[in-house]
Amino acid sequence: MRICTFNVNSIRSRLEIVQNLVNDYNIEVLCMQEIKVENKDFPLIDKDFECVIHGQKKLHGVATCSKFPIEESQKGFEGELNEPRFIYTLINGVHIINIYAPLGDNYGDRFEYKMYFYDKLFEWLRRFDLSKDKVLICGDFNISHTELDVWDEVIWEGEVTHLPEEKAILSKFLDIGFVDIIRKEYPNEKVFTFYDYRGAAVYKNEGLRLDYILVTKPLFEKFKNLEILTSIRRKRKPTPSDHVPVIAEFDV
DNA sequence: ATGGCGCGGGGTCCGCGA
C-alpha cells in the first residue's frame, strides 16, 4: 500500500498538482489537510478514489481518499472544536488517522486549543492495542520535534511549533509505541516538509518539518520505503502548496 | 528566479497561515 500525506493548502487550487501526484507516484491512499472547501464542492480527483471528506468553508478541512475499500470511517472527534481536523479510516486492516493539528500561538488561547486537541487525540487512541494493532497517524502536526526539524534552532527557540510542550507531545507518541518514519529514515540530518511562501524560504532551504507519518511497530515491520517530494515544492508553476507531499509504502 | 506569499471570501482589502 502506497500512502501519501499532503497539506494541499486548498484542494481546488491544487487539483492539477494532486492529480499528477496520484498518477505519477501511484498513490493508493491520500490523506490531505487544509482542503479549504465545503464537502459539496470537493472536486473529483481520481475516478478510482473513494473519499471521506470533512471540510468547511474557507479554512481547515481534511480528506482521506483510497483506491482500496474503506472498511470503516469517522469524521471528526471531540478534540477539534468545530474546526474539521480529524478523519479515521480503516483500510486494508490499517487504522489510518489523518490530522490537521491547530497551529496554536505562543501560549495564548489557540495554544490551549492545540494542547486540548492532542489530549483528546491520545484519549481517542486508547481504543487500540498499540503493541498489536496496525495504526498509522499522518498529517500536519504543526510541531517541529527536535533541532533537526527546524532550519535554525536559535531562531525557532521559543516559537510556536517548537515550544517545549509541543516537543513533549511528539516524544509522547514515540513513548507509547509509535515510530516516526521520516526521522527513522533520516536519523541525523535536517529534512523539511514545509517552507513558508514568504521570504523565498524554499530557495534558501529555510524549512520546518511539520508533517509526520507515525506507525505502530506491527506496521513498521511492513514498511518498505519513503519519499519526500521536495521537488514539487520547488516548482513555480503550477503554484505549489507550502507543504511537501510525503509517501510511505508498506507490504500490506 | 540574479527576488521574494498565497488562499478564500467577497473585495479592489482582510484575516489567516506558521
Side-chain angles (χ1 to χ4, degrees), chain A residues 5-18 32-43 45 53-63 80-86 98-118 138-167 169-170 182 190-212 228 230-246:
Chain A
T5 181
F6 187 20
N7 179 323
V8 294
N9 185 23
S10 165
I11 184 58
R12 288 174 292 181
S13 294
R14 228 59 65 202
L15 186 57
E16 183 187 345
I17 284 174
V18 170
M32 288 165 281
Q33 304 85 37
E34 288 205 83
I35 61 172
K36 294 188 172 180
V37 69
E38 293 175 276
N39 293 4
K40 66 180 177 62
D41 295 324
F42 190 86
I45 296 171
I53 305 157
H54 185 37
Q56 67 176 29
K57 194 187 277 282
K58 191 173 180 178
L59 286 171
H60 318 305
V62 285
E80 61 176 32
L81 298 185
N82 295 321
E83 296 178 356
R85 297 180 176 278
F86 173 103
N98 172 11
I99 63 163
Y100 172 51
L103 166 62
D105 51 23
N106 288 39
Y107 300 120
D109 289 347
R110 297 293 289 179
F111 187 77
E112 293 306 311
Y113 174 31
K114 188 175 198 172
M115 295 298 109
Y116 176 81
F117 176 91
Y118 278 110
C138 68
D140 179 358
F141 284 56
N142 271 318
I143 293 175
S144 45
H145 186 206
T146 75
E147 69 278 3
L148 295 177
D149 299 312
V150 294
W151 59 276
D152 187 319
E153 58 268 28
V154 175
I155 288 176
W156 280 92
E157 173 79 38
E159 298 295 332
V160 71
T161 77
H162 206 53
L163 298 169
E165 294 85 347
E166 301 178 282
K167 298 174 186 176
I169 287 168
L170 232 298
I182 296 176
K190 291 181 187 277
V191 279
F192 306 133
T193 64
F194 165 85
Y195 302 86
D196 202 306
Y197 286 123
R198 293 163 291 193
V202 70
Y203 308 112
K204 297 186 281 195
N205 202 32
E206 294 179 351
L208 303 173
R209 185 169 71 106
L210 303 179
D211 301 86
Y212 293 77
I228 302 173
T230 310
S231 58
I232 290 181
R233 175 67 184 91
R234 296 184 64 85
K235 286 178 185 156
R236 298 220 131 190
K237 286 187 178 177
T239 307
S241 170
D242 44 3
H243 288 255
V244 174
V246 182

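Throughout, protein chains are lettered first and strands after them, A, B, ... in sequence-line order, and every chain is numbered starting at 1.
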With sequence neighbours excluded, tell me which residues meet ring pair (Phe, Tyr, Trp, His ring centres under 6.0 Å) with [X].
{"X": "H145(A)", "answer": "none"}
{"X": "F117(A)", "answer": "F77(A)"}
{"X": "Y212(A)", "answer": "F141(A)"}
{"X": "Y113(A)", "answer": "none"}

Inset, instruction - Would you please name every residue forming a salt bridge (Lys or Arg N to Asp or Glu O under 4.0 Å) with E166(A), sequence neighbours left out? - result: K114(A)
Inset, instruction - For R14(A) and for D242(A), find the nucleotide of DNA chain B with the closest heavy atom, then tell me which residue's nucleotide is more 5'. - result: R14(A)
Inset, instruction - Between S10(A) and V160(A), name the one whose nearest nucleotide on DNA chain B is closer to the 5' end. - result: S10(A)
At under 4.0 Å between heavy atoms, what does [X] touch on the DNA or RNA strands: base, sugar-phosphate, or nothing?
{"X": "F194(A)", "answer": "sugar-phosphate"}
{"X": "H243(A)", "answer": "sugar-phosphate"}
{"X": "D140(A)", "answer": "sugar-phosphate"}
{"X": "Y100(A)", "answer": "sugar-phosphate"}

Between [N] and [M], how far apart are the two [atom1] atoms, rounded to whole Å?
{"N": "dT2(B)", "M": "dG6(B)", "atom1": "P", "value": "15 Å"}
{"N": "dA18(B)", "M": "dC7(B)", "atom1": "C1'", "value": "14 Å"}
{"N": "dG8(B)", "M": "dG4(B)", "atom1": "P", "value": "24 Å"}
{"N": "dG10(B)", "M": "dG15(B)", "atom1": "P", "value": "14 Å"}
{"N": "dT12(B)", "M": "dG17(B)", "atom1": "C1'", "value": "22 Å"}

Inset, instruction - Count the heavy atoms of every other residue, nucleotide or ligand shown that sit under 6.0 Å from CD of E165(A), and state whether that count exceeds 12. - result: yes
Inset, instruction - Taking atom CG of N106(A) as the centre, report whether more than 12 heavy atoms of other residues, nucleotides or ligands fall under 6.0 Å from it. - result: yes
Inset, instruction - Walk along DNA chain B from 5' to 3' and tell me the first and last nucleotide with an atom closer than 4.0 Å to a non-hydrogen atom of chain A. - result: dA1(B) to dA18(B)
